[in-house]
Amino acid sequence: MTYCYVCPHRCGVDRPESIHDTEGMFGSCRCGMLPIVARAGLHMWEEPVISGTNGSGTVFFSGCNLHCVFCQNYDISYNGFGKEITVARLKEIYQELIAKGAHNINLVTPTHFTEAILKSLEDPLPVPVVYNTNGFETQDTIRRLKGKVQIYLPDLKYYDDVKAIKYSNAPYYFRTATEVIKAMHRQVGDYKLNEEGLLESGVVIRHLLMPGMVEDSKKIIDWVAKTFKPGQVMFSLMHQYIPYGRANEYPEINRKVTDEEYAEVEAYLMESTIEDGFVQEGEAACEEFIPCFDGTGVDKTKK
């Protein structure tokens with residue numbers, strides 16, 4: 001019997017091996033232990049140091065240990081679209097993506113499948129592994145990934161814990177995520193680029209600006225600037241929020257970010273001591289940039 005404490009929810013339930021099992025209990029993520037994958041393919045819309053020219057080999061896992069009401073991947077995070085696969089098949093997917101020229105293997109929303117991922121990475125890969133996470137992690141989970149993950153791509157969503165609870169059911173989010181981000185940096189060190197300008201190792205902190213949360217974003221920028229020196233981590237200010245999922249139930253976030261809001265935060269970032277990173281154009285706030293979760297790359301026969 002294995003009790004699940006893999007994320008800060010610390011459900012302590014005995015998760016079943018498969019979602020089809022009748023024994024065991026589902027926790028906050030509502031998933032069994034075997035990975036559920038909705039899409040696997042080359043992705044060109046990550047930060048340039050990750051996507052490069054060939055694309056990032058992304059594996060989109062279904063389910064999530066957060067419950068963001070506005071999630072752009074709502075179809076897989078909430079509705080559970082995807083196919084349950086074995087660890088052996090997950091390993092094959094990595095190799096298939098590498099054969100297509102993937103610069104890295106990018107594990108998207110991986111936390112609740114950490115046990116399977118650890119098994120899938122027992123043999124080192126010839127490309128970096130990216131752990132693409134919402135930031136709601138435990139120190140223990142990050143510690144166990146040492147040597148298997150080279151690049152951490154964590155969100156830093158909220159400064160205000162009231163907002164974190166209201167929109168993502170994530171109590172103590174800022175304290176949890178910031179401590180974990182510091183642990184990630186201690187583990188993989190200052191970021192390193194190869195001769196082609198691709199990230200070999202390091203941490204890229206992502207922050208998605210949300211409607212009406214300009215001051216929250218400024219406080220997050222302040223924390224990053226105070227915590228890290230230039231050359232240590234990268235910071236990515238994202239401008240791709242669109243009302244999605246259940247956002248229509250929350251009028252204050254049921255709109256796009258205005259140009260004025262983004263310009264204010266972008267200017268604040270440019271005036272900070274943060275030197276290494278990225279900003280997005282407003283065109284990114286569009287449903288066209290949401291991947292098509294159609295099972296591509298999950299089955300051997302589905303290309």
Side-chain angles (χ1 to χ4, degrees), residues 3-13 15 26-31 33 35-36 59-74 76-78 80 106-118 129-146 148-149 151-188 203-210 213 216-217 219-220 223-224 227 233 235-236 238 240-241 244-247 250 253:
Y3 297 106
C4 188
Y5 298 101
V6 74
C7 87
H9 285 301
R10 298 185 65 81
C11 298
V13 297
R15 285 167 60 189
F26 296 106
S28 180
C29 66
R30 307 179 298 278
C31 295
M33 300 299 286
I36 305 170
V59 181
F60 288 92
F61 294 101
S62 300
C64 188
N65 67 318
L66 279 190
H67 304 135
C68 300
V69 297
F70 53 86
C71 182
Q72 293 182 0
N73 294 351
Y74 199 87
I76 64 174
S77 63
Y78 266 85
N106 187 347
L107 308 174
V108 185
T109 319
T111 309
H112 47 303
F113 295 125
T114 296
E115 299 298 333
I117 288 169
L118 286 168
V129 175
V130 182
Y131 193 80
N132 189 336
T133 168
N134 55 46
F136 201 52
E137 303 281 353
T138 67
Q139 299 277 340
D140 185 59
T141 292
I142 300 306
R143 177 187 60 78
R144 296 178 67 203
L145 292 167
K146 184 176 181 179
K148 300 183 184 300
V149 168
I151 300 169
Y152 284 104
L153 190 58
D155 291 341
L156 186 49
K157 293 180 179 292
Y158 309 99
Y159 180 88
D160 186 339
D161 276 332
V162 173
K163 292 181 174 65
I165 293 169
K166 181 176 183 179
Y167 301 126
S168 296
N169 187 31
Y172 307 109
Y173 176 87
F174 180 76
R175 184 179 71 186
T176 300
T178 52
E179 289 302 312
V180 161
I181 288 171
K182 288 189 285 188
M184 291 172 175
H185 176 254
R186 287 194 299 270
Q187 184 181 116
V188 297
V203 178
V204 181
I205 302 169
R206 283 176 164 175
H207 174 65
L208 174 67
L209 176 61
M210 291 181 59
M213 298 191 192
D216 209 63
S217 294
K219 290 176 181 178
I220 284 174
W223 178 84
V224 175
T227 305
V233 301
F235 182 77
S236 182
M238 305 180 77
Q240 63 186 52
Y241 178 85
Y244 211 76
R246 294 170 45 219
Y250 300 82
I253 62 169

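No hydrogens, no waters, no symmetry mates; every other heavy atom, side chains included, goes into these values.
- You'll find the side chain of Y173 stays beyond 4.5 Å of the side chain of K163, heavy atoms only.
- In this view, R246 and E249 satisfy the salt bridge (Lys or Arg N to Asp or Glu O under 4.0 Å) rule, not counting sequence neighbours.
- Side chains of S168 and Y158 form a contact here, defined as non-hydrogen atoms less than 4.5 Å apart.
- Taking Y250 as the reference, Y167 meet the ring-ring contact (aromatic ring centres under 6.0 Å, His included) condition, with sequence neighbours excluded.
- Contact annotation: the side chain of T138 never approaches that of V6 to less than 4.5 Å [non-hydrogen atoms, C-beta and beyond].
- Contacts of H9 classified as side chain to side chain donor-acceptor pair (under 3.5 Å), with partners at least two apart in sequence or in another chain: none.
- Here Y159 pairs with F174 under the ring-ring contact (aromatic ring centres under 6.0 Å, His included) rule; sequence neighbours left out.
- The salt bridge (Lys or Arg N to Asp or Glu O under 4.0 Å) check on K166 picks up E252, with sequence neighbours excluded.
- Within the 4.5 Å cutoff, the side chain of F136 has heavy atoms near those of the T176 side chain.
- For the atom pair CG (D216) and CG (D160), the distance works out to 5.5 Å, reported to the nearest 0.5 Å.
- Distance OG/S236 to CG/L153: 8.0 Å, rounded to 0.5 Å.
- Evaluation of the salt bridge (charged side-chain N to carboxylate O under 4.0 Å, His left out) test over residues 133-142, restricted to residues two or more places apart or in two chains, returns D140-R143.
- With sequence neighbours left out, the side-chain contact (heavy atoms from CB on, under 4.5 Å) criterion links Q139 to E179, V180, A183, R186.
- Annotation: salt bridge (Lys or Arg N to Asp or Glu O under 4.0 Å) contacts of D155 (sequence neighbours excluded): K157.
- T178 meets the side chain to side chain donor-acceptor pair (under 3.5 Å) test with no other residue; sequence neighbours excluded.
- The side-chain heavy atoms of I253 and M213, taken from C-beta on, include a pair separated by under 4.5 Å.
- Residues that satisfy the side-chain contact (heavy atoms from CB on, under 4.5 Å) test with V188, not counting sequence neighbours, are Y152, V203.
- Under the rule for a side-chain contact (heavy atoms from CB on, under 4.5 Å), the partners of C31 that lie at least two apart in sequence or sit in another chain are R15, C29, I36, H112, F113.
- Judged by a 6.0 Å distance limit and a 45° cone about the ring axis, R30 is not positioned over the six-membered ring of F26.
- A search for salt bridge (Lys or Arg N to Asp or Glu O under 4.0 Å) contacts involving R206 returns E46, E47, not counting sequence neighbours.
- By the 4.5 Å heavy-atom criterion applied to side chains, C11 and S28 are counted as neighbours.
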